[in-house]
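Quick one: structure below, then a few questions.
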Amino acid sequence: MHVNGKVALVTGGAQGIGRAFVQALLGKGAKVALLDRNSEAGQESKAALDEQFEAQRTVFIQCDVTDQEQLKGAFKKVIEHFGRLDIVVNNAGVNNEKDWESTIQINLLAANMENYGVRLNTICPGFVNTPILQSIDKEENMGQYYSYKDEIKNMMQFYGVMDPSIIAEGLITIIEDDTLNGEVMKITASQGIHFQEYSQTPFTSSKR
Ligand SMILES: NC(=O)C1=CN([C@@H]2O[C@H](COP(=O)(O)OP(=O)(O)OC[C@H]3O[C@@H](n4cnc5c(N)ncnc54)[C@H](O)[C@@H]3O)[C@@H](O)[C@H]2O)C=CC1
Ligand SMILES: CCCCCC(=O)/C=C/C=C\C/C=C\C/C=C\CCCC(=O)O
């Protein structure tokens with residue numbers, strides 16, 4: 001799919017990887033709705049993007065993705081505003097070991113699109129240089145894993161920390177290549193953008 005002229009919705013688009021996604025999509029000619037629960041960061045982000053791209057190509061919608069009513073309302077607003085919706089990027093996420101249920105709710109369940117006849121792909125990055133990495137130093141985020149913070153920092157040094165722009169490059173690859181569906185794209189400092197390969201099962205059922 002060509003990105004130019006399409007409409008995209010990016011959750012958690014106010015900062016970090018989401019913001020890099022918004023920037024890359026705008027750079028490729030899309031119109032973008034950035035959704036985020038953080039209104040201040042969302043508005044700041046839109047204002048900064050408006051310096052680089054025409055203001056009418058971006059809209060900020062405050063939305064907590066765990067609130068299904070807000071989320072549905074936001075999808076509706078995007079379609080009303082731009083007249084269509086072609087690309088959804090389910091990016092919003094938190095690091096909160098103390099409230100595991102809410103972490104699952106935000107990171108995995110909020111925008112489940114599998115029943116809508118769309119291509120569905122996943123990006124799994126290694127460490128990326130965004131504000132979320134500051135949570136490693138906070139007991140309120142790390143909970144029982146707080147004592148591992150130095151090991152995690154050692155891992156970051158060992159494996160490397162990537163710039164968000166390379167994750168955005170992975171997103172554009174997924175959008176532009178219509179053959180990609182059900183793929184797990186891995187992005188690491190050592191191997192760059194690559195795909196998880198699954199071995200074929202040798203078993204073939206006689207019942208077809
Ligand atoms: N930074 C990293 O090293 C890696 C990050 N990830 C994942 O990538 C995604 C983006 O992470 P980063 O940009 O690094 O984090 P970030 O903390 O910099 O940005 C996350 C954005 O999501 C928003 N958000 C959080 N909860 C929300 C909610 N309930 N509703 C709406 N917006 C919400 C935040 O306000 C923030 O703007 C997350 O799902 C994270 O788990 C995955 C691998 C590595
Ligand atoms: C403590 C987690 C900080 C929050 C970051 C986050 O939200 C999600 C991170 C998910 C994955 C990155 C973490 C670990 C990656 C570990 C190894 C990468 C291997 C890279 C390689 O070159 O093989």
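When a ligand or atom number is given, it counts from 1 through the structure's own listing order. Computation of the quantities below employed the complete heavy-atom set of this structure, encompassing side-chain atoms and omitting hydrogens, waters and symmetry-equivalent molecules.
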| request: Please verify whether a non-hydrogen atom of P125 lies at under 4.0 Å from ligand 2. | output: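 True for this residue.
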
| field | Over-ring placement of K149 relative to Y146, 6.0 Å and 45° cut-offs | value |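 Yes, a cation-pi geometry.
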
| message | Restricting to side-chain contact (heavy atoms from CB on, under 4.5 Å), what partner residues turn up for H2, sequence neighbours left out? | response |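 If we apply the side-chain contact (heavy atoms from CB on, under 4.5 Å) test to H2, skipping adjacent residues, the hits are K6.
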
| said: For Q23 and Q52, which I'm curious about, is there any donor-acceptor pair between the side chains at under 3.5 Å? | reply: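 Checked: Q23/Q52 side chains pair up, N/O donor to acceptor below 3.5 Å.
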
| What part of N91 sits under 4.0 Å from ligand 1 if we count only heavy atoms: the side chain, the backbone, both or neither? |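 The part of N91 near ligand 1 is both the backbone and the side chain.
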
| Got more than 12 heavy atoms from elsewhere within 6.0 Å of CD, Q157? |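 Not more than 12 within 6.0 Å, no.
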
| How far is atom 21 (C) of ligand 2 from its nearest protein heavy atom, and which residue and atom is that? |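 Closest protein heavy atom to atom 21 (C) of ligand 2: Y159 CD2, 3.4 Å.
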
| query | Looking only at protein heavy atoms, which one is nearest to atom 5 (C) of ligand 1, and how far off is it? | reply |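 Looking at atom 5 (C) of ligand 1, the protein heavy atom closest to it is I17 CD1, 3.7 Å.
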
| Between D36, N38, T66, which one has a non-hydrogen atom sitting closest to atom 35 (O) of ligand 1? |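 The option holding the nearest heavy atom is D36.
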
| message | Against ligand 1, does D64 come closer than 4.0 Å with any heavy atom? | response |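 For ligand 1, residue contact (heavy atoms, under 4.0 Å) with D64 is present.
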
| task | Could you say whether the N/O atoms of Q15 and ligand 1 ever approach to under 3.5 Å? | result |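 Yes, since at least one N or O of Q15 sits under 3.5 Å from an N or O of ligand 1.
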
| said: Show the atoms of ligand 1 that are less than 4.0 angstrom away from any heavy atom in F127. | reply: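 Once the distances to F127 are compared, the set is 3 (O).
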
| message | Using a 4.0 Å heavy-atom cut-off, which part of V128 comes near ligand 1: side chain, backbone, both, or neither? | response |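 Within the 4.0 Å criterion, V128 contacts ligand 1 through backbone and side-chain atoms alike.
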
| request: Would you check whether C63 reaches within less than 4.0 Å of ligand 1, judged by its heavy atoms? | output: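 Under 4.0 Å: yes for C63.
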
| message | For the CD atom on Q56, are there more than 12 heavy atoms of other groups (residues, nucleotides or ligands in this structure) within a distance under 6.0 Å? | response |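 Yes.
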
| request: Provide the number and element of each atom of ligand 1 under 4.0 Å from a heavy atom of G12. | output: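 Result: 21 (C), 22 (O), 23 (C).
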
| request: Take atom 9 (C) of ligand 2 and look for protein heavy atoms under 4.0 Å from it; say yes if you find one, no if not. | output: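 Looking at atom 9 (C) of ligand 2, one finds that no protein heavy atom lies closer than 4.0 Å.
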
| request: Give a yes/no verdict on whether any heavy atom in G13 is under 4.0 Å from an atom of ligand 1. | output: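 In this structure, G13 fails to qualify as a contact of ligand 1 - no heavy atom is under 4.0 Å.
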
| said: For ligand 1 and V94, I'd like to know whether there is a polar contact (N/O to N/O, distance under 3.5 Å). | reply: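 N/O-N/O distance below 3.5 Å does not exist for this pair.
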
| query | For S190, is at least one N or O under 3.5 Å away from an N or O on ligand 2? | reply |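 S190 vs ligand 2: N/O contact under 3.5 Å present.
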
| Charged N to carboxylate O below 4.0 Å: is that the case for R57 and D50? |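 Between D50 and R57 there is no salt bridge, as every charged N stays at least 4.0 Å from the carboxylate O atoms.
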
| task | Tell me which protein heavy atom sits closest to atom 16 (C) of ligand 2, plus the residue, atom name and distance to 0.1 Å. | result |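 Here the nearest protein heavy atom works out to M155 CE, 3.7 Å.
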
| query | Does K76 NZ have over 12 foreign heavy atoms under 6.0 Å away? | reply |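 Open: at most 12 neighbouring heavy atoms sit under 6.0 Å from NZ of K76.
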
| query | Which of the atoms in ligand 1, numbered in the order shown and given with their element, are less than 4.0 Å from a heavy-atom of G93? | reply |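 Once the distances to G93 are compared, the set is 20 (C), 22 (O), 25 (C), 38 (C), 39 (O).
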
| task | Using the test side-chain hydrogen bond (donor to acceptor under 3.5 Å, both in side chains), find all partners of D99 that sit at least two apart in sequence or belong to another chain. | result |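 With sequence neighbours excluded, D99 shows a side-chain hydrogen bond (donor to acceptor under 3.5 Å, both in side chains) to no residue whatsoever.
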
| query | Does any N or O atom in V65 lie less than 3.5 angstrom from one in ligand 1, N or O only? | reply |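 Yes: some nitrogen or oxygen of V65 is under 3.5 Å from one in ligand 1.
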
| query | At what distance is the nearest protein heavy atom to atom 1 (C) of ligand 2, and which residue and atom is it? | reply |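 Nearest neighbour among protein heavy atoms for atom 1 (C) of ligand 2, to 0.1 Å: I136 CG1, 3.9 Å.
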
